[in-house]
Amino acid sequence: MKKLLFLGFMLCLFNGSAQAYPYFNNNHELKFNAGLFLATGAVEGSYEYYFTEDTSFGGTVYFNNEATDYNGDFGIGPNLRAYFGYQPRSGVFVEAFGLYYTWDEEGLEDNVSLRNDKFSTVALGLGLGNKWVTPSDNFTLEIYGGVGRNVNPEVFQDTFMFRGALSVGFRF
């Protein structure tokens with residue numbers, strides 16, 4: 001009887017060990033910017049890797065069929081995020097990002113025929129957003145906005161660029 005009681009006590013101790021936060025296995029996340037797709041037809045996908053409960057590193061790639069749109073026809077860049085929510089890996093976040101993007105300039109004057117109308121630039125910026133996660137920690141919804149400054153703007157180019165997202169994601 002004492003052995004059975006001791007075994008039951010040990011099982012209770014084993015099951016009773018707890019952590020402040022549950023252990024998360026899903027450290028990778030793929031996202032699709034549905035808001036940008038619905039608004040402009042551009043396709044933007046992102047990847048995010050969580051190396052702590054409050055910090056992640058990721059990257060973004062987008063393609064747009066209209067090369068004369070505001071943020072061009074192709075973009076790629078990294079980002080670093082810090083989360084401030086009550087739950088790990090969700091809630092309000094701040095992001096620092098870099099973005100390399102290309103575009104075509106429209107409406108060039110005829111007397112500047114030697115100038116190329118395809119351009120590229122690099123922008124660095126900050127963003128702010130919020131992320132919601134399902135209880136299963138598999139699906140996410142994110143709203144995000146950011147502004148960046150072009151590092152080497154041409155005279156005809158805007159100094160600032162803007163980013164926005166309404167993304168749905170899947171963690172694995």
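All residue numbers refer to positions in the sequence shown, counting from 1.
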Q | Minimum side-chain heavy-atom gap Trp132-Ile143 below 4.5 Å | A | yes
Q. With the 4.5 Å side-chain cut-off for hydrophobic clustering, are Tyr62 and Phe97 part of the same group?
A. yes
Q: Measure the CD-CD distance between Gln87 and Glu53 for me, rounded to the nearest 0.5 Å.
A: 12.5 Å
Q | Residue pair Arg89 / Asn27, side-chain heavy-atom distance below 4.5 Å | A | yes
Q: Validate the cation-pi geometry between Arg81 and Tyr144: distance from NZ or CZ to the six-membered ring centre under 6.0 Å, angle to the ring axis within 45°.
A: yes
Q. If we ignore angles and hydrogens, is there a donor and acceptor under 3.5 Å between the side chains of Asn150 and Thr159?
A. no
Q. When rounded to the nearest 0.5 angstrom, what distance separates CZ in Phe63 from CD1 in Ile76?
A. 7.5 Å
Q: Write down the atom of Ser90, the atom of Val133, and the distance for their closest heavy-atom approach.
A: CB-CG2, 3.5 Å
Q) Would you say the side chain of Ser120 lies within less than 4.5 Å of the side chain of Phe74, judging by non-hydrogen atoms? A) no
Q: Please name the pair of heavy atoms, one in Glu29 and one in Gly169, separated by the smallest distance, quoted to 0.1 Å.
A: OE2-CA, 4.3 Å
Q. Linking I/L/V/M/F/W/Y whenever their side-chain heavy atoms sit closer than 4.5 Å, directly or via other members, would Phe160 and Leu126 fall into one cluster?
A. no
Q | Heavy-atom check, side chain of Thr102 versus side chain of Tyr100, under 4.5 Å | A | yes
Q: Determine the interplanar angle of the His28 and Phe172 rings, folded into 0 to 90°, and report it as parallel if under 30°, tilted if 30 to 60°, perpendicular if over 60°.
A: parallel
**Q.** Transitive ILVMFWY side-chain link Tyr83 to Val168, under 4.5 Å
**A.** no
Q: Decide yes or no for Met161 and Thr121: does some side-chain heavy atom of the first lie under 4.5 Å from some side-chain heavy atom of the second?
A: no
Q. Do Asn79 and Leu99 come within less than 4.5 Å of each other through their side chains, counting heavy atoms only?
A. no
Q) Can you check whether Phe93 reaches Phe84 side chain to side chain, under 4.5 Å on heavy atoms? A) no
Q | Separation between CG of Leu141 and OG1 of Thr134, rounded to the nearest 0.5 Å | A | 10.5 Å
Q) Would a distance-only check, ignoring hydrogens and angles, find a side-chain to backbone donor-acceptor pair under 3.5 Å from Asn64 to Val43? A) no
Q: Quick one: closest heavy-atom pair of Phe57 and Pro78, and the distance?
A: CZ-CB, 4.1 Å
Q) If you measure from NZ on Lys131 to NZ on Lys31, what distance do you get to the nearest 0.5 Å? A) 4.0 Å
Q: Could you tell me the separation between the OG atom of Ser56 and the OH atom of Tyr49, rounded to the nearest 0.5 Å?
A: 11.0 Å
Q: Work out which heavy atom in Gly164 is nearest to a heavy atom in Asn33; give both atom names and the distance.
A: O-ND2, 3.1 Å
Q. Between Thr60 and Ser46, what is the shortest heavy-atom contact and its length?
A. OG1-OG, 3.2 Å
(Q) Phe170 and ring-ring contact (aromatic ring centres under 6.0 Å, His included): which single residue from Phe32, Phe139, Tyr47 fits? (A) Phe139
Q | Within one Ile-Leu-Val-Met-Phe-Trp-Tyr cluster: Val122 and Val61, side-chain cutoff 4.5 Å | A | yes
Q: Report the distance from atom CZ of Arg171 to atom OG of Ser136, rounding to the nearest 0.5 Å.
A: 10.0 Å
